[in-house]
J.: 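Below you will find the structure I want to go over with you.
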Amino acid sequence: MNAAAPTIESKLPEVKTTIFTVMSQLAAKHGAINLSQGFPDFSPPEALIERVQHHLNAGANQYAPMTGVPLLRERIAEKMTRCYGAAVDVDAEITVTSGATEALFVAVQAVISTGDEVILLDPAYDSYAPAVHLAGGRAVHVALAQPDYGIDWQRLGDAITPRTRLIVVNSPHNPSGAVLATDDLDRLAALVRDTDILLLSDEVYEHMVFDGQPHPSFLTHPELRARSFVVSSFGKTYHNTGWKVGYAIAPPALSAEFRKVHQYVTFSTSTPFQCAIADFMADPTHDRELPDFYEAKRDRFRAGVEDSRFELRPCAGTYFQLLGYQQISDRPDTEMAEWLTREVGVAAIPISVFYRDRTDAKVLRFCFAKDGETLDRATALLRQL
């Protein structure tokens, strides 16, 4: 006699397999060019790979310190001073994590309790809301302004209540490619001044800002820095998303709470990868060249679809390009993404999945972190529509 399986009440009943996994699987099934999931199809710098091999052979194969390899934290601090003029305490303010996703999750768990409200700016990356729900909080979704995906300050101000504990901001912004300006930071500071609201700044695309514009990190703004977790990703910067190495910077009191959770989530991150990245960061050339590197890819992709029936949306940062398809089809964007993958051979992400209310503006997101030949083949197919 078979025993009945126990009943399980899901903590995330609305969560399904992520759209990124779904579209990548569909692309593989149909042999489509995968411009959906955000990862490069080229290798990390050879010098960085060599340093990994060195540290593997040199014995760096046991647990790293919970907060991160000391030399890597020192290199991160040097980078913050060089890029943002920010003096960061190596021991009290920097924590290395197993990817930016872990850092985002841990930050939410560290400060959100039952009944707290967390404001998310839609379209929002899909890991934010589940982290809030698992912490017992309530996600409050505020739509970004159209057509530029800037912050609607009136809506944001109206959404703040006495229960608001955290606002999550993402710039450069995935999926839109929008980038906050310095005066946006001033407006945000004015909005949260004299409150206990904390901020979580997702800055994983910090080195992918184009057309000569700066990246105004929250670390450049003393008022914001004093109440912020700032999260970034080596995976995005060094073309090694599979290594899952990121970090969070926060004031000492926030970092202390962050580490209480981090030590029970992953404890530490791959030691040889940390050591290799620390060595590679001694020369900042790669970081300095990255904006031009990805701007050239953006321009190549945009040129490839410029004469098509797709509507090119602005792209100031990240490695994503939005294309409107209103002149091509009236299909819902999820159906359009699937059709494009099956029938045309190019996979993209529908933007509606980034909205709580599934707003469908007939827009798809394409990743241009691909080699030139891949981009040319993809845009040639898209021009046929």
J.: Pair N57, Q53 - check side-chain hydrogen bond (donor to acceptor under 3.5 Å, both in side chains), show working.
T.: CA-CA 6 Å; N57 293 328; Q53 294 170 336; over 6 Å; no
J.: According to salt bridge (charged side-chain N to carboxylate O under 4.0 Å, His left out), does anything in residues 89-111 pair up with another residue at least two apart or in another chain? List the pairs.
T.: R73-D91, E93-R225
J.: Between R227 (side chain only) and V192 (backbone N and O only), is there a donor and an acceptor less than 3.5 Å apart?
T.: yes
J.: Under a plain distance cut-off of 3.5 Å, with no hydrogens placed, do T95 and R259 share a side-chain donor-acceptor pair?
T.: yes
J.: Decide if the gap between the ring center of Y84 and the ring center of H215 is smaller than 6.0 angstrom.
T.: yes
J.: Are the side chains of L375 and F368 in touch, meaning some heavy atoms are under 4.5 Å apart?
T.: yes
J.: List for me each residue that meets salt bridge (charged side-chain N to carboxylate O under 4.0 Å, His left out) alongside R300, sequence neighbours excluded, and say none if there are none.
T.: D376
J.: Tell me, please, which residues at least two apart from H221 pass ring-ring contact (aromatic ring centres under 6.0 Å, His included).
T.: none
J.: Does one side chain, of Q321 or R365, offer a donor that lies under 3.5 Å from an acceptor on the other?
T.: no
J.: About how many Å separate CG of L340 and CG of L381, when rounded to the nearest 0.5 Å?
T.: 9.0 Å
J.: Kindly assign one of parallel, tilted or perpendicular to the pair F234 and Y247, based on the angle between their ring planes and the thresholds 30° and 60°.
T.: tilted
J.: Determine, for R313 against E311, whether the closest basic-nitrogen to carboxylate-oxygen distance falls under 4.0 angstrom.
T.: yes
J.: At what distance, to the nearest 0.5 angstrom, does CD of Q37 lie from SG of C367?
T.: 9.0 Å
J.: Does Q263 CD have over 12 foreign heavy atoms under 6.0 Å away?
T.: yes
J.: What pairs of donor and acceptor atoms, side-chain ones from residues 235-245 against any protein atom, are under 3.5 angstrom apart with sequence neighbours left out?
T.:
from, atom 1, to, atom 2, distance (Å)
T237, OG1, S233, O, 3.3
Y238, OH, D287, OD1, 3.4
H239, ND1, Y294, OH, 3.3

J.: Working to the nearest 0.5 angstrom, can you tell me the gap between I197 CD1 and S228 OG?
T.: 11.5 Å
J.: Please answer: with hydrophobic residues joined when any side-chain heavy atoms are less than 4.5 Å apart, are V261 and V118 in the same cluster?
T.: yes
J.: Could you give all pairs that pass the salt bridge (charged side-chain N to carboxylate O under 4.0 Å, His left out) test and reach residues 10-24, with sequence neighbours left out?
T.: E14-R356
J.: For the pair R187 (side chain) and I151 (backbone), establish whether a donor and an acceptor sit closer than 3.5 Å, ignoring hydrogens and angles.
T.: no
J.: With heavy-atom distances below 4.5 Å as the criterion, would you say the side chains of L35 and V346 are in contact?
T.: yes
J.: Could D41 and K370 be called an ion pair, given the rule that one side-chain N must be under 4.0 Å from one carboxylate O?
T.: no
J.: Only counting residues at least two apart or in another chain, list the ones meeting salt bridge (charged side-chain N to carboxylate O under 4.0 Å, His left out) with R155.
T.: D152
J.: Quick one: list whatever passes ring-ring contact (aromatic ring centres under 6.0 Å, His included) with Y205, sequence neighbours left out.
T.: Y319, F320
J.: Cut-off 3.5 Å, side chains only: do S232 and E203 have a donor facing an acceptor?
T.: no
J.: Listing request: all salt bridge (charged side-chain N to carboxylate O under 4.0 Å, His left out) pairs with a residue in residues 316-340, at least two apart in sequence or in separate chains.
T.: none
J.: Could you tell me whether the side chains of S352 and T359 share a donor-acceptor contact shorter than 3.5 Å?
T.: no
J.: Quick check for you: to the nearest 0.5 Å, what is the distance between L121 atom CG and L144 atom CG?
T.: 5.0 Å
J.: Going by the side-chain hydrogen bond (donor to acceptor under 3.5 Å, both in side chains) test, which pairs reach into residues 163-173, not counting sequence neighbours?
T.: H173-S176
J.: Give a yes-or-no answer on whether the side chains of T18 and T21 include a donor-acceptor pair shorter than 3.5 Å.
T.: yes
J.: Okay, side chain of H262, backbone of F267: is any donor-acceptor separation there less than 3.5 Å?
T.: yes
J.: Side-chain donor-acceptor pairs under 3.5 Å in residues 126-140, sequence neighbours left out?
T.:
from, atom 1, to, atom 2, distance (Å)
Y128, OH, D202, OD2, 2.5
R138, NH1, E117, OE2, 3.1

J.: Scan residues 296-316 for pairs that pass ring-ring contact (aromatic ring centres under 6.0 Å, His included), counting only residues two or more places apart or in two chains.
T.: F301-F366
J.: Salt bridge (charged side-chain N to carboxylate O under 4.0 Å, His left out) with K362: which residues, sequence neighbours excluded?
T.: D360
J.: Taking the cut-offs as 6.0 angstrom to the six-membered ring centre and 45 degrees off its axis, would you call K297 and F293 a cation-pi pair?
T.: yes
J.: Decide yes or no for M66 and T269: does some side-chain heavy atom of the first lie under 4.5 Å from some side-chain heavy atom of the second?
T.: no
J.: With a sphere of 6.0 Å drawn around CZ of F42, does it hold more than 12 non-hydrogen atoms of other residues, nucleotides or ligands?
T.: yes
